[in-house]
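In each ligand, atom 1 is the first atom listed, and ligand 1 is the first ligand listed. Note that this is a predicted model, so its numbers are computed, not measured.
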Amino acid sequence: MITEPKEKVILIGVFETGDRSAGSMEDFMHSMDELAELSCACFMEPVTLMMQQLGHVNNALYVGPGKLEEIREQIELYEADLVIFNDTLSPSQLRNLQDGLGIAVMDRTSLILEIFQTRARTREAKLQVELARLKYLKPRLVGMRKALTRQGGTSGSMSSRGAGEKKLELDRRRIDDRIAELTRELKDVEKERMTQRKARQKSRLPLAALVGYTNAGKSTILNALVDRYQGQDEKRVFEADMLFATLDTTVRKIETGGNRDFLLSDTVGFIRKLPTGLVEAFKSTLEEVREADLLVHVVDYSDPHYREHMRTTIETIADLDAGHIPMLMVYNKADLCGSNDMDPEWDDPDGSNPETITAEYPKKLAQSQNGSGNICGSLAISAKEERSIDLLVECILEQVYGDYLTADFLIPYDKGNLTAYLMEHAKILEQEYLPEGTRLKASCHRADIGRLSEYIL
Ligand SMILES: Nc1nc2c(ncn2[C@@H]2O[C@H](COP(=O)(O)OP(=O)(O)OP(=O)(O)O)[C@@H](O)[C@H]2O)c(=O)[nH]1
Ligand SMILES: [Mg+2]
């Protein structure tokens with residue numbers, strides 16, 4: 001088997017001491033590790049990391065002017081093919097760096113866009129990624145010249161899809177035309193999606209949306225529920241130990257029985273500094289998140305950086321105007337917590353230690369003090385374990401059917417349609433045929449109780 005040689009890449013980051021929002025040195029180091037993981041996900045080989053501490057990034061060069069020579073030396077030493085910077089570079093920074101270094105230059109954003117392009121499968125995801133890429137590319141055509149035409153890379157990379165050179169030939173006006181075309185096409189796809197959504201809304205089933213950082217275990221949870229309640233392999237989604245395994249939104253009906261079914265959606269994971277253009281482009285895919293009755297926020301609890309991941313997720317949810325939706329916190333991968341190198345600062349949602357959780361999961365946790373104000377419950381689980389899945393379902397049902405109350409109805413026989421309605425939409429606890437009509441003891445939605453109040457005994 002012939003394998004293409006991997007592109008050798010140098011990763012470069014600036015820790016800004018003058019930027020309060022930049023986080024701690026440790027956060028910065030973590031974001032550099034993440035950049036290395038992202039480059040591996042793009043089938044590149046990171047050969048060295050270079051870091052610099054500055055008050056602020058340099059407007060012209062991102063790094064300090066003196067650092068450029070050092071980067072050139074490292075490029076020569078490692079025979080690097082490409083350098084990647086840990087932030088979004090401005091068009092002029094990109095151009096200057098390209099001129100100064102003489103090899104392909106990328107930034108965190110273009111790397112994420114490249115991964116998304118490789119992974120996009122559905123028509124909608126492909127359109128969305130192309131739109132985000134073009135918007136990013138348009139002001140940067142000159143600076144991206146080398147990155148676009150570079151050889152090697154993955155079969156899905158910008159270059160080998162032939163997209164690079166072709167795109168380069170496009171002048172900005174043609175890019176504008178393509179952007180307009182993509183926007184139109186996306187509107188059509190969106191219409192289809194709207195029709196599906198309307199059909200779902202008609203079913204009046206509550207919708208819970210899995211959200212969280214990439215690789216937290218969202219798809220694993222969806223699959224566990226599908227296995228448990230459906231047992232249909234074709235309803236499973238792709239799950240894998242990689243960043244951005246999922247790019248599309250999938251909705252599955254989880255049939256727990258007794259008129260307690262709900263819909264569960266799985267969607268793209270979030271990451272720190274997710275390019276804003278990408279969030280914008282994925283807004284329609286993420287519509288399910290905005291329309292959800294409950295957000296199930298999945299956290300990889302075995303990751304020492306789980307708090308930061310939570311913060312990023314909560315910020316992205318707020319960007320999506322979904323910050324008001326009740327959120328169930330799910331601390332996942334509890335089975336891995338014990339083996340992790342513990343962070344001494346690790347403080348738990350309920351004040352205990354992850355090792356304790358390891359011994360005790362699955363369990364409900366005391367209400368979290370962290371994150372946003374609308375957290376409605378927290379639990380520690382392992383998506384790989386059956387009892388955990390049972391507890392998760394119990395908690396989801398508690399939330400989405402929390403508005404359900406029990407009432408005793410007496411429905412006259414000439415109102416058979418109402419009996420049929422309750423049979424379909426409520427959980428029937430008792431049923432009896434009396435001379436005056438059907439007596440039903442049922443747990444049903446608050447709204448139905450209001451509507452059928454005249455039949456309540
Ligand atoms: N040990 C252990 N592994 C888990 C658990 N949950 C998920 N995983 C693994 O974590 C990896 C990522 O899981 P996914 O379900 O693909 O993660 P995701 O949140 O959907 O990730 P993206 O689609 O990239 O956003 C897979 O290798 C899973 O097998 C868990 O509770 N315990
Ligand atoms: Mg996934």
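- Applying the salt bridge (Lys or Arg N to Asp or Glu O under 4.0 Å) rule to D300 yields the partners K333; only residues at least two apart in sequence or on another chain are considered.
- For the side chain to side chain contact (heavy atoms under 4.5 Å, CB included) with V83, the lone residue among L97, I75, V9, L11 that qualifies is I75.
- Here the closest non-hydrogen pair linking V129 and A120 is CG2-CB, 4.2 Å.
- Here the closest heavy-atom approach between residue Q93 and residue N59 is recorded as CG-O, 3.1 Å.
- The aromatic rings of Y331 and Y306 stand perpendicular to each other, their planes meeting at an angle above 60°, with 30° marking the opposite boundary.
- The closest non-hydrogen atom to atom 19 (O) of ligand 1, taken over E239, K218, R119, comes from K218.
- By the 3.5 Å distance cut-off applied to N or O atoms, F238 is not counted among the residues near ligand 1.
- Considering backbone and side-chain N/O of F244, one or more are found under 3.5 Å from N/O of ligand 1.
- A240 counts as a contact of ligand 1, since one of its heavy atoms falls under 4.0 Å from the ligand.
- Between L295 and A292 the shortest heavy-atom distance is CD2-CB, 4.1 Å.
- E287 and R290 are joined by a salt bridge, as a carboxylate oxygen and a charged side-chain nitrogen come within less than 4.0 angstrom of each other.
- By the criterion of a heavy-atom distance under 4.0 Å, the side chain of D335, and not its backbone, is placed next to ligand 1.
- Looking from atom 28 (C) of ligand 1 to the surrounding protein, the closest heavy atom is T220 OG1, 3.6 Å.
- Counting atoms of ligand 1 from 1 in the listed order, those under 4.0 Å from a heavy atom of N332 are 5 (C), 6 (N), 31 (O).
- Annotation: side chain of M44 is in contact with side chain of I84 (closest heavy-atom distance under 4.5 Å).
- With respect to E185 and K126, no salt bridge is recorded, no charged nitrogen being found less than 4.0 Å from a carboxylate O.
- Listing protein N, O or S atoms at distances below 2.8 Å from the Mg ion (ligand 2), with waters left out, gives S219 OG, T246 OG1.
- Polar contact with ligand 1: absent for T267 (N/O pair, distance under 3.5 Å).
- Residue-to-ligand polar distances place A383 within reach of ligand 1: an N/O pair is separated by less than 3.5 Å.
- Looking at atom 8 (N) of ligand 1, its nearest protein heavy atom turns out to be K333 CE, 3.7 Å.
- Between L243 and ligand 1, no pair of N/O atoms sits closer than 3.5 Å.
- Between A334 and ligand 1, no N or O atom pair is found at a separation short of 3.5 Å.
- Shown here are the salt bridge (Lys or Arg N to Asp or Glu O under 4.0 Å) partners of E385, two or more places apart in sequence or in another chain: R387.
- In terms of protein heavy-atom proximity, atom 17 (O) of ligand 1 is nearest to G217 N, 3.1 Å.
- Among all non-hydrogen protein atoms, the one lying nearest atom 12 (C) of ligand 1 is N215 OD1, 3.0 Å.
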**Request:** Applying salt bridge (charged side-chain N to carboxylate O under 4.0 Å, His left out), run through R184 and E181 and close with a yes or a no.
**Result:** CA-CA 5 Å; R184 266 197 310 275; E181 197 179 322; 5.3 Å; no
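- Between D81 and K6, none of the side-chain N atoms (NZ, or NE/NH1/NH2) sits under 4.0 Å from a carboxylate O, so this pair counts as no salt bridge.
- The protein heavy atom nearest to atom 3 (N) of ligand 1 is K384 CE, 3.4 Å.
- A donor-acceptor contact closer than 3.5 angstrom links the side chains of S110 and D107.
- Within the 4.0 Å heavy-atom criterion, the part of L336 lying near ligand 1 is the side chain and not the backbone.
- The salt bridge (Lys or Arg N to Asp or Glu O under 4.0 Å) search around R311 returns none, not counting sequence neighbours.
- Polar contact check, D266 against ligand 1: no nitrogen or oxygen pair lies under 3.5 Å apart.
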